[in-house]
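One structure is given below, encoded as structure tokens.
Per chain, numbering begins at 1; letters A, B, ... match sequence-line order.
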2 protein chains.
Amino acid sequence: MGSLQVLLWQRAREPHAGRWALPGGRLRPTEDVETSIRRQLAEKVDVQQLAHVEQLAVFSAPDRVPRPPRVVATAFLGLVPCDVDPAVPADTAWHQVAELPPTAFDHGAIVLRARNRLRAKLSYTNLGFALAPRKFTVSALRALYSAALGYRVSATNLQRVLSRRGLLEPTGHTAPSGPSGGRPAALFRFTGKGLEVTDPFAVLRPPRAAKDDAGE
Amino acid sequence: MGSLQVLLWQRAREPHAGRWALPGGRLRPTEDVETSIRRQLAEKVDVQQLAHVEQLAVFSAPDRVPRPPRVVATAFLGLVPCDVDPAVPADTAWHQVAELPPTAFDHGAIVLRARNRLRAKLSYTNLGFALAPRKFTVSALRALYSAALGYRVSATNLQRVLSRRGLLEPTGHTAPSGPSGGRPAALFRFTGKGLEVTDPFAVLRPPRAAKDDAGE
DNA sequence: CCAAAAGTGTTCTGTTTACACCCATGT
DNA sequence: ACATGGGTGTAAACAGAACACTTTTGG
């Protein structure tokens, strides 16, 4: 079913005319980089409800853009719940991350990095909240995680793990069952809306826990 | 004993004259940001053997530097083995991360971020190799990890965890015992010299492992 | 009453911590 | 001998994966 997608914009002008590029633009004198990317997404592609934004890395190879002026880019990972569908312009479209069209500059590598970051954080943080709708069934959530991670995730254990960590909460409501019958699924929601690290240290934990501010 | 330290340089000129700042400088047209920071460290403070370098984040608040021109900085975490002692200039010195002097700009926040990143990566990667000398005893390694993490680490379990993961290797030699006796300690070394993620996913692993390139 | 989808109980396994105990050396 | 640090053995706690089983719906 679902697959991991990325919003790309088709370049009209050289260099790399016709290729697909990540949305973005110039940093203004009065804004920081995060404010800037949020502005560009809102203005240019109508993406207003970003559920999560984080810096990925700086891409700065001198020849990453084929001709002067030299451009240094700060790449971001931005996530939008799977049920929002912004009114994107004609030259902008969602693409499967697994089958990218020819990309401009180093944007293919950036998308790869973003995918890897997303995959890693899904497993040790509550980042799922940024991909899921407000209310969802466990099997819908399983589909999301499977698409993002690239392999089948067990609904049983997904629910168990997220519940134990206190990330998932039943709403009390249920979704109607499908045309072929089946038990109606309970609707859940994420308890938090901000990024939290839920599995901070795999090993070498402090002797008798005392949750330091292991931030980020 | 040991403590986590950071190399700072005392500013001579305004703005923020007298305060301590992270080493760094302008990006040149023909270099990328990592090349640039390596050059600056080698040229300005004689740090030539960086065991590990990685991007931290971009700091870009418009007013982070009090007067024009506006400066956007890419911050790095750079690690040096604890036994190297570069010939730093007179206005440059190591400072305890736990007791920073007044810092210039947002450099205090940057150091904090760096410390948190280091702490996290010590636990799920082999990053210890960047802090340790070529050969070391387990108790020396324990001291390093304790200093970096900020809490006592058990030598017993440290050795066990790192060994099981195949990161630690006995050299066959031993260190002489101290003045008050005690069994001589075996000398170990790290098997790898590049960053490896050793505990990639705490949960939601692929059904029957097949180590994807979960890079970074 | 059967199929389909959801949800729960239970077992198994691996990893990490905690802690007791044994080893080698100097005085 | 004994104190001092180094190293190993072992048990207990915990978390996650796997899978069988029960529950609730539609035809």
Using the salt bridge (Lys or Arg N to Asp or Glu O under 4.0 Å) definition, which of the options A:Arg134, A:Lys135, A:Arg189 pairs with A:Glu169?
A:Arg189
Just by distance, do the side chain of A:Ser177 and the backbone of A:Arg183 share a donor-acceptor pair under 3.5 Å?
no
B:Asn157 has an atom CG; how far is it from atom P of D:dG7, in whole Å?
14 Å
Closest to side chain of A:Ser177, choosing from C:dA24, C:dT25, D:dT25
D:dT25
Think B:Arg165 has a side-chain N or O under 4.0 angstrom from the OP1 or OP2 of C:dT16?
yes
Checking all strands, does B:Ala186 fall into the base, sugar-phosphate, or nothing category for heavy-atom contacts under 4.0 angstrom?
sugar-phosphate
B:Arg164 or B:Thr156: which one's nearest nucleotide on DNA chain C is closer to the 5' end?
B:Arg164
Would you kindly give the CG-to-P distance between A:Leu158 and D:dA17, to the nearest whole Å?
10 Å
Partners of B:Phe136 by ring-ring contact (aromatic ring centres under 6.0 Å, His included), sequence neighbours excluded?
B:Phe190
Euclidean distance, atom CG of residue A:Leu141 to atom C1' of C:dA5 [Å, nearest integer]
17 Å
Between A:Arg165 and A:Asp199, is there a salt bridge with N-O shorter than 4.0 Å?
yes
For the pair made of OH in A:Tyr124 and C1' in D:dA15, what is the distance, rounded to whole Å?
19 Å
Pick the closest DNA chain D nucleotide for A:Val161 and for B:Ser180 by heavy atoms, then say which residue is nearer the 5' end.
B:Ser180
Could you state the atom-to-atom distance from CZ of B:Arg142 to P of C:dA18 in whole Å?
14 Å
From CG of B:Leu162 over to P of D:dT8, roughly how many Å is that when rounded to an integer?
14 Å
Could you tell me whether the phosphate oxygens of D:dT8, OP1 or OP2, come under 4.0 Å of any side-chain nitrogen or oxygen in B:Gln159?
yes
Ignoring hydrogens and angles, answer whether the base of D:dG7 and the side-chain atoms of B:Arg160 contain a donor-acceptor pair closer than 3.5 Å.
no
By nearest-nucleotide position on DNA chain D, the 5'-leaning member of A:Pro179 and A:Ser154 is A:Ser154
To the side chain of B:Ala185, which of D:dT24, C:dA6, D:dG7 is closest?
D:dG7
Could you tell me the separation between the CZ atom of A:Phe201 and the P atom of D:dA15, rounded to a whole number of Å?
17 Å
A:Leu122 CG to D:dG16 C1': how many Å, rounded?
17 Å
Is there a donor-acceptor contact under 3.5 Å linking the side chains of B:Ser36 and B:Glu31?
yes
Selected nucleotide, minimal atom distance to A:Pro184 side chain, candidates C:dT25, C:dG7, D:dT25
D:dT25
